[in-house]
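Report on the structure given below.
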Amino acid sequence: MQVKLFTRILKPKFSFWMKPLEKLDCGLETDINHWLASNPSIDVISIKQSQSGGSWIPSTVVVSVWYQINTDD
């Protein structure tokens with residue numbers, strides 16, 4: 001079994017009216033989907049997420065994708 005880690009510090013950019021200019025995940029979902037699409041021969045076993053920080057510092061999100069390579073292809 002192998003693991004791929006995705007990490008992002010969540011510092012969304014806001015407009016003058018405090019509306020987010022970008023997705024609140026700061027591109028994390030796009031990165032994960034791109035990696036999954038470019039690795040079609042893997043079997044995802046588990047996905048875990050953790051987050052730290054918050055009130056005074058930006059939050060840091062870590063997503064771990066536990067997978068194994070499918071040898072049936």
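Gln2 pairs by the side-chain hydrogen bond (donor to acceptor under 3.5 Å, both in side chains) definition with Tyr67, not counting sequence neighbours. Partners of Ile32 by side-chain contact (heavy atoms from CB on, under 4.5 Å), not counting sequence neighbours, listed by chain and number: Phe6, Leu28, Leu36, Val63. With sequence neighbours left out, Asp31 forms a side-chain hydrogen bond (donor to acceptor under 3.5 Å, both in side chains) with Arg8. Remark: Ser46 pairs with Lys48, Trp66 by the side-chain contact (heavy atoms from CB on, under 4.5 Å) rule, at least two apart or across chains.
Hydrophobic clustering keeps Ile69 apart from Ile45 (ILVMFWY residues linked when any side-chain heavy atoms are closer than 4.5 Å, directly or through intermediates).
Here His34 contributes atom NE2 and Asn39 contributes atom CG; the two are 9.0 Å apart, rounded to the nearest 0.5 Å. In this structure, the separation between CG on Asp43 and CE on Met1 is 10.5 Å, given to the nearest 0.5 Å.
The minimum heavy-atom distance linking Ala37 with Pro40 is given by the pair O-CD, 3.8 Å.
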